Amino acid sequence: MYRNSTCGELRLADANREVTLAGWVSHIRKMGGMTFIDLRDRYGITQLSFNQEVDTSLCDQANKLGREWVIQVTGRVQERSSKNPNLSTGEIEIIASALKVLNASKTPPFTIETETDGGDELRMKYRYLDLRRNVVRRNLELRHRMAFETRRYLDEQGFLEVETPVLIGSTPEGARDFIVPSRMNQGEFYALPQSPQLFKQLLMVSGFDRYFQIVKCFRDEDLRADRQPEFTQIDCEMSFVEQEDVLSLFEGLTKHLFKTIKEIDIPDFPRISYADAMRLYGSDKPDTRFGMTFTEIKDLTTGHNFGVFDTAEYVGAICAEGCASYTRKQLDGLTDFVKRPQVGAKGLIYLRYHEDGTLKSSVDKFFSEQDLKKWADRCNAKPGDLILVMAGETEKTQKQLSELRLEMGSRLGLRDRNNYRCLWVVDFPLLEKDEELNRFFAKHHPFTSPKPEDIALLDSDPAAVRANAYDIVINGVEIGGGSIRIHDSGLQKKMFSVLGFTEEKAQEQFGFLMNAFQYGAPPHGGIAFGLDRFVSIFAGLDSIRDCIAFPKNNAGRDMMIDAPSRVEQEQLDELGILLKPEKKN
Ligand code: ASP
């Protein structure tokens, strides 16, 4: 037996018990004739104490240990004279009577502490050591509990977890596929699934009725803080449902997770249409922890000989409460913020509504105080408020104003991580036009159904067709999305033709789905949650990386195992793959 207690469980009530612990040496402190060791395992830290006078050879042995050595210790639990209130075991220590080294360790390249001295790269290279740190381990524990509670909830609702294949065919829609060469079928390739979308729809045709899967998905996209080339979805599909059924069941899942894991009661989710989300927040994933919604003031600004406004398609304003006292320097800072390439605006116009009721703007040359008062009134501004205005092409300007709104929200401390605001964004457009390619793409995916009342517009005004599609948004993060699907092969064919597929191409890519739809496809719909993002929101993290055990870096590399890597020529030959000769400089 290696141990009969963990390093996290002993308390004052265990005093005088003889225990055996095993774990890693976290700290060694020598004080006079005493040696104290913090012993760590997954469950916590327990202090071991060795007394030179009582047992010299044992204490000498302890003094020879190094950080991260693996040891086994037997001893008696005793009340500590100087207690540590920050530690769950802080009231006791173990008076050691036997010590055995189970394994020695090299000195770790960074300190295994909550605040470590290791940089990102080093931590990723030695991720197995990084995972010993409490903060990182806790995120994985949280992830486990969320996945577990998800399974419990969905099981109670009659869902079956079904595995779908990882080696599938490539489809041209959506993001870029990762492809895998086939040795047995040279010149042919599998693709890794971007999601199990088609399979879960086929399972509905099979009559499975309620499916879910916690599943790895793969997308070969440029990476950002909230993206990884492989990520995990809680993927779900249901038959005989309308949008309302899906929303209520998965609102239920979200509430269940908040309740069981964070002990938070979330009220019913507000719903906002895509159109309103864009109009009021300039974003289809609005952060609704704070207001500061957009006000259109185009009509109040034209005809004053101010070119920027006169030529703009859109003029929008946000009102920052109590910020009229912003200094010139602070306002310049905001202008610099919107001019950053990531935001890309040309400039920012401001209006200070002073406490004394006077109004001062950066465009006083063109607008009288009376004119400005109209802006302020439209924005429901009060004396003491600051109005920030941006102008230009509608969509672009709304996006830029959205960035500014979020920045102001952060500066004003309105984006508290522990305050959770969930909502549904509904009525997404079905299609999105790529102006360069002059063709439509599915905004969600090509299996999403149009709203029945909009079907007639598919030919005359495709851009105006709304979809039975929805996203779940928490604190400005898109946590999941889904749709009611097309289950009629005729309508599915129509959709492919609107997307510019010839009949042959559609048959080649999605023939199996359209064929299946001819054998009694039930009405169905579903949703997928991004588990990594969901966990990072619960953990209060900005990046999804620290809730993934072995994440990849921004270049898509696994720094620890150093992948991707070259393979032997033999392997390539077997696959019939000829690499382009390397360019010599
Ligand atoms: N498969 C979709 C996605 O990955 C989700 C869904 O429509 O259920 O975004």
Side-chain angles (χ1 to χ4, degrees), residues 135 139 142 146 224-227 254-255 257-258 261-272 276-295 316-326 330-331 333-340 342-345 348 350 379-382 384-390 397-425 471-481 529-530 532-547:
V135 270
N139 295 333
L142 171 66
M146 288 181 75
R224 297 195 305 242
D226 61 350
R227 281 214 189 127
T254 310
K255 286 179 180 172
L257 292 175
F258 270 107
I261 289 167
K262 296 194 81 77
E263 290 171 33
I264 295 175
D265 284 303
I266 299 280
D268 288 347
F269 296 8
R271 298 186 190 175
I272 184 171
D276 281 346
M278 294 310 291
R279 185 173 61 79
L280 295 170
Y281 299 96
S283 165
D284 59 3
K285 42 179 198 298
D287 184 343
T288 50
R289 281 173 295 184
F290 65 107
M292 217 187 281
T293 50
F294 296 4
T295 306
I318 54 174
C319 176
E321 260 179 64
C323 294
S325 54
Y326 263 34
Q330 281 172 301
L331 292 167
L334 289 178
T335 306
D336 290 342
F337 171 82
V338 300
K339 282 185 170 171
R340 290 177 356 172
Q342 297 94 315
V343 183
L348 180 66
Y350 63 82
C379 296
N380 282 323
K382 308 175 303 309
D385 292 349
L386 171 73
I387 293 173
L388 299 166
V389 181
M390 294 178 83
T397 311
Q398 284 177 336
K399 279 201 184 125
Q400 293 163 346
L401 195 55
S402 165
E403 294 293 333
L404 179 63
R405 174 181 173 271
L406 293 176
E407 173 69 16
M408 287 306 294
S410 298
R411 286 186 188 208
L412 295 172
L414 302 173
R415 303 176 73 192
D416 176 3
R417 282 177 202 280
N418 297 313
N419 173 17
Y420 293 96
R421 289 300 162 98
C422 310
L423 76 152
W424 290 107
V425 180
D471 275 356
I472 180 169
V473 175
I474 304 179
N475 293 0
V477 179
E478 182 203 323
I479 291 296
F529 287 76
D532 313 281
R533 283 188 196 169
F534 214 165
V535 179
S536 67
I537 283 266
F538 269 48
L541 297 168
D542 290 323
S543 160
I544 61 173
R545 242 186 254 175
D546 268 343
C547 52

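Quick caveat: nothing in here was measured; it's all calculated off a predicted structure.
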- Message: For the residue pair R421 and F290, would you count it as a cation-pi contact if the rule is NZ or CZ under 6.0 angstrom from the ring centre and within 45 degrees of the ring axis?
- Response: no
Quick one: does [X]'s side chain have a donor or acceptor within less than 3.5 Å of a partner on [Y]'s backbone?
{"X": "R533", "Y": "I479", "answer": "no"}
{"X": "S410", "Y": "L406", "answer": "yes"}
{"X": "Q400", "Y": "G344", "answer": "yes"}
{"X": "R405", "Y": "D287", "answer": "yes"}

Identify the two heavy atoms, one from [X] and one from [Y], that lie closest to each other, and give their separation to 0.1 Å.
{"X": "C323", "Y": "L412", "result": "SG-CD2, 3.6 Å"}
{"X": "S536", "Y": "I544", "result": "OG-CG2, 3.8 Å"}
{"X": "S283", "Y": "S402", "result": "CB-OG, 3.8 Å"}
{"X": "Y420", "Y": "I537", "result": "OH-O, 3.3 Å"}
{"X": "D532", "Y": "C547", "result": "O-SG, 3.3 Å"}
{"X": "V473", "Y": "D284", "result": "CG2-O, 4.0 Å"}

Rounded distance [0.5 Å steps], [atom1] in [X] versus [atom2] in [Y]:
{"X": "L404", "Y": "I318", "atom1": "CG", "atom2": "CD1", "result": "4.0 Å"}
{"X": "F337", "Y": "R411", "atom1": "CZ", "atom2": "CZ", "result": "7.5 Å"}
{"X": "K262", "Y": "M146", "atom1": "NZ", "atom2": "CE", "result": "8.5 Å"}
{"X": "N475", "Y": "T288", "atom1": "CG", "atom2": "OG1", "result": "7.0 Å"}
{"X": "Q398", "Y": "R279", "atom1": "CD", "atom2": "CZ", "result": "9.5 Å"}

[Y] side chain reached by [X] side chain, heavy atoms, under 4.5 Å:
{"X": "M408", "Y": "L334", "value": "yes"}
{"X": "V477", "Y": "K285", "value": "no"}
{"X": "Y350", "Y": "L388", "value": "yes"}
{"X": "L423", "Y": "P286", "value": "yes"}
{"X": "I474", "Y": "T254", "value": "yes"}
{"X": "E321", "Y": "K382", "value": "yes"}

- Item | Check ion pair R271-D276 (N to O, under 4.0 angstrom) | no
- Is a salt bridge present between E403 and K399, judged by a nitrogen-to-oxygen distance below 4.0 Å? no
- Please work out which of the three classes, parallel, tilted or perpendicular, describes the rings of F534 and F529, given edges at 30° and 60°.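 F529 vs F534 ring planes: parallel.
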